[in-house]
There are 4 protein chains.
Amino acid sequence: MGKKEVPSLVKDEKLIEKRRGEMVKAAVTLFKANGFHRTTTREIAKASGFSIGTLYEYIRSKEDILYLVCDSIYDSVKNKMQEQVRETDCTLVHVKQAIAAYFKVVDEMQDEVLVMYQEAKSLSREALPYVLKKELEMTAIFEELLKRAVDRGELMLSSDEIRLAAHNILIHGQMWTFRRWSLQREYSLDHYIDVQTELLLGGLVGARMSAQS
Amino acid sequence: MGKKEVPSLVKDEKLIEKRRGEMVKAAVTLFKANGFHRTTTREIAKASGFSIGTLYEYIRSKEDILYLVCDSIYDSVKNKMQEQVRETDCTLVHVKQAIAAYFKVVDEMQDEVLVMYQEAKSLSREALPYVLKKELEMTAIFEELLKRAVDRGELMLSSDEIRLAAHNILIHGQMWTFRRWSLQREYSLDHYIDVQTELLLGGLVGARMSAQS
Amino acid sequence: MGKKEVPSLVKDEKLIEKRRGEMVKAAVTLFKANGFHRTTTREIAKASGFSIGTLYEYIRSKEDILYLVCDSIYDSVKNKMQEQVRETDCTLVHVKQAIAAYFKVVDEMQDEVLVMYQEAKSLSREALPYVLKKELEMTAIFEELLKRAVDRGELMLSSDEIRLAAHNILIHGQMWTFRRWSLQREYSLDHYIDVQTELLLGGLVGARMSAQS
Amino acid sequence: MGKKEVPSLVKDEKLIEKRRGEMVKAAVTLFKANGFHRTTTREIAKASGFSIGTLYEYIRSKEDILYLVCDSIYDSVKNKMQEQVRETDCTLVHVKQAIAAYFKVVDEMQDEVLVMYQEAKSLSREALPYVLKKELEMTAIFEELLKRAVDRGELMLSSDEIRLAAHNILIHGQMWTFRRWSLQREYSLDHYIDVQTELLLGGLVGARMSAQS
DNA sequence: GATGAATGAGAGTTCATTCAT
DNA sequence: GATGAATGAACTCTCATTCAT
């Protein structure tokens, strides 16, 4: 499904998955503490529990690790969200639930999201599109939800506004991590969710609906 | 006024300012193309038009360059905004004008804003606070504008909402740069301004005011 | 036993010892020719037969090499001396034999002793004490020998004089290296040993013993 | 009289002498604290009270400063000694007085002597002989004194022994500075002078004289 | 005669990557 | 499949020296 394949010298698929899982976990911790560029492959190998030689049996280059990290984080975020959101119904309430679910997942995976957010730019021109694509897939989820709410007449949004609103939701989630130094000092997560949801959707409902009546 | 002083071996203040200006300009271009970590001090010196030795007459370390870059960009953004915004009146219209002005400045200084946005995290624990402080000052500008509009009864926002709305304005501006790969393909700047302003403030006005009536 | 540990990235202890031995040998030659500060780490690596990268697998900094050099030289001098001196008897004859043995070892290891003598001062405040301690241990050897001869009534020395005489012996040995430009032109080693021994101990024996009678 | 000339761009001899005096004073302080190699020309210029450009009006290279330092220190030591020693009489008592005078001068000029002692080796092959020559001149002073005492029958020394005894006196003086970490903790200067004089000459007098009788 | 900005060769050190074992 | 010693290009930063003013 359009995922970039990272080649490995090792044949055993199970082993690859296991070792790469360990690598990613170690890498996230280290990237979070020191950033991608300040983290050495040796450190990653050590924190992963195997030697530098073994590390390179499972990847071709340091950048592969960054790609695996980004890839894995997106998958986790998406999976965790899908666990919480049932798409059978799509009323406005469900849109709000989805937003809240997303914000909660971001909060849970704060370190990971922040790392991905700050380091993805270091991916090569070859690997970056794969990550951007995943970001757009995330956006598409909210677009779809908003669109259905509009179709049901619960929200008044042009298609341009839907697009941008979806982007905004995504960004407000990430903002919770990369502005933690300011936001998490002043707001609890629940409060942040409430206020942001109000700002995002508040006006779009009551406002215009009352205008319609 | 709380600005971090970067020491120089050169005494001539005018010269320092001139050379640092050249350095910052060269650095922004290079950081934009390759990122801070992939840019070498020699490249910066060369692009600045002087030798590596001369570069180090005006800074102590590579990180100083990054700090100067961030510092200079914030000052530019703020100055450019203040040129456009007259704070005599503070009606809702003026808030919108300020937002538009900010978005336009961000658009003009796209490369700079993007660089600062992506690389500021590489600043040392010592220098970072100075940059975060500037970010908060920018936020405070919009907080103040929103607050006045609320005081005049043109907007309905709790103080929490004011805070967060100001943050949102800021990052929606930055988003125009770091999501350019998606946004600038689909929207013109003016369109982006219109739609985001509508999403940001649209509901807060008509909506609740009509609700009040 | 109070030796300063120099950490290495390499695990194989045998290999560490081997490589460091090669390093020290190369370094002594180069330090002798050009001094510590004028010798580059690259030169040391090349003369040691490995790459600069490999060099830094076995040390942390250039200063570590200097420490290893000093440490190794002291150990060699001490070992070589102990090979020659049997401490079973401690008559005056044995003291003279020990002095001669020491002077001979110094002569054999001229380059090393000179290097250590001239460059030890470049050690950091952290490493220096370890080297000074070794110097005092050497002094203590002669102090002990002199003391026993005094106890046997073969020498007349106050404890202050013992102390200083031991220092003098040490220094006269080193002097053979750092005044080679003058001394080794005029004296053979054996002659130097004879004359210095006479000056050091000559008077302390016959003289006062006759005074006693 | 065989002194190495250090060329200067400046014509005014008085000025040259004055500036070089300032340079040497500053350099000694800095060399003492950090060593020759770790001291920069900029630091010397600054500590001398003039600019780096001016510094180079009075010398050709950094090494010239080291030469001037060594040269100046030798002259000072010699002058100070000659102030104290009247060579009219030359009995054994006068030899002892000369030794004491020398040790006292060394003690007074501890920093300078130590610096010269440790850094002279950094002089180029061209300049070194000029300094060694001065060291030999100092040795010659004591040789002469000892020789006269021998001629008067107050000391029993072969010419070889005279040579070496003179060397020993010199380096016992220097030893007071470069072994300060050990010696100056245990001995006062006067005590050191007494004990060393006793060790140097004690036996040569009473001993053999009594043997003669 | 004094200044100090400019220079660039060269220093110590790091680290992604390889490959023999 | 695992190891870790070896590599060397490339990095940041220093500093003796020069020369236009």
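Hydrogens, waters and symmetry mates play no part in the numbers below; they use all other heavy atoms, side chains included. Letters A, B, ... mirror the listed sequences (proteins, then strands); counts begin at 1. On a predicted model such as this, the values are computed, not experimentally measured, just so you know.
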- Query: Between C:Glu57 and A:Arg42, is there a salt bridge with N-O shorter than 4.0 Å?
  - Reply: yes
- Message: Quick test of your reading of the model: are D:Glu22 and D:Arg19 salt-bridged, counting only N-O distances below 4.0 Å?
- Response: yes
- Which of the following nucleotides, F:dG4, F:dA16, F:dC13, is nearest to the side chain of B:Ser61? F:dC13
- Query: Under 4.0 Å between a side-chain N or O of B:Arg19 and OP1 or OP2 of E:dA6?
  - Reply: yes
- Item | Lys/Arg-Asp/Glu bridge criterion (N-O < 4.0 Å) met for B:Lys62, B:Glu119 | no
- Picking from F:dA6, E:dG4, E:dG1, which would you name as closest to the side chain of C:Tyr58? F:dA6
- Item | D:Thr39 or B:Thr39, whichever maps to the more 5' nucleotide of DNA chain F | B:Thr39
- Task: For B:Arg38, answer base if it contacts any base atom (sugar-phosphate contacts may also be present), sugar-phosphate if it contacts only those atoms, and nothing otherwise; contact means non-hydrogen atoms under 4.0 Å.
- Result: nothing
- Nearest to side-chain heavy atoms of C:Phe50, which nucleotide of F:dG1, F:dT7, E:dG4: F:dT7
- Note on the structure: Taking a pair to mean Watson-Crick or G-U wobble geometry with both distances below 3.5 Å, F:dT21 pairs with E:dA2
- Query: Rounded to the nearest Å, what distance is computed from the CG atom of residue D:Leu55 to the P atom of nucleotide F:dT17?
  - Reply: 10 Å
- Query: For F:dA10, which nucleotide is its Watson-Crick or G-U wobble mate, given both distances must be under 3.5 Å?
  - Reply: E:dT13
- Nearest-Å distance, NZ (D:Lys46) to C1' (E:dG4)? 13 Å
- Query: Of B:Ile52 and B:Leu9, whose closest DNA chain E nucleotide lies nearer the 5' terminus?
  - Reply: B:Leu9
- Item | Atom-to-atom span, CD of D:Glu57 to P of F:dT18 - whole angstrom | 12 Å
- When you get a sec, tell me which of E:dA16, F:dG1, F:dC13 is the closest nucleotide to the side chain of A:Leu15? F:dG1
- Task: Specify the separation, in whole Å, of atom CD1 of C:Ile65 and atom C1' of E:dA11.
- Result: 13 Å
- Which part of the nucleic acid, if any, lies within contact of B:Ser8, taking any heavy atom under 4.0 Å across all strands shown: a base, the sugar-phosphate backbone alone, or nothing? nothing
- Query: Under 4.0 Å between a Lys/Arg side-chain N and an Asp/Glu carboxylate O for B:Asp71 and B:Lys4?
  - Reply: no
- Message: Without decimals, in angstroms, what is the distance between C:His37 NE2 and F:dT14 P?
- Response: 16 Å
- May I have the distance from B:Lys62 (atom NZ) to F:dA10 (atom C1'), rounded to whole angstrom? 12 Å
- Query: Please walk me through it: do D:Arg20 and D:Val6 pass side chain to side chain contact (heavy atoms under 4.5 Å, CB included)?
  - Reply: CA-CA 11 Å; D:Arg20 285 187 177 172; D:Val6 176; 3.6 Å; yes
- Measure from CD1 on C:Ile59 to P on E:dT13 and round the result to the nearest Å. 7 Å
- When all nucleic acid strands are considered with a 4.0 Å heavy-atom cut-off, which category describes D:Thr41: base, sugar-phosphate, or nothing? base
- Base, sugar-phosphate alone, or nothing: which one does D:Thr40 contact when heavy atoms must sit under 4.0 Å apart? sugar-phosphate
- Task: For F:dT14, take OP1 and OP2 only and decide whether either is under 4.0 Å from a side-chain N or O of B:Tyr56.
- Result: no
- Item | E:dT3 OP1/OP2 closer than 4.0 Å to side-chain N/O of D:Thr54 | yes
- Item | Parallel, tilted or perpendicular: ring planes of B:Phe50 versus B:Tyr58, cut at 30 and 60 degrees | tilted
- Base of E:dG10 paired with side chain of B:Arg42 (donor-acceptor, under 3.5 Å): yes
- Message: Nearest whole Å is fine: how far is F:dA20 C1' from B:Asp12 CG?
- Response: 15 Å
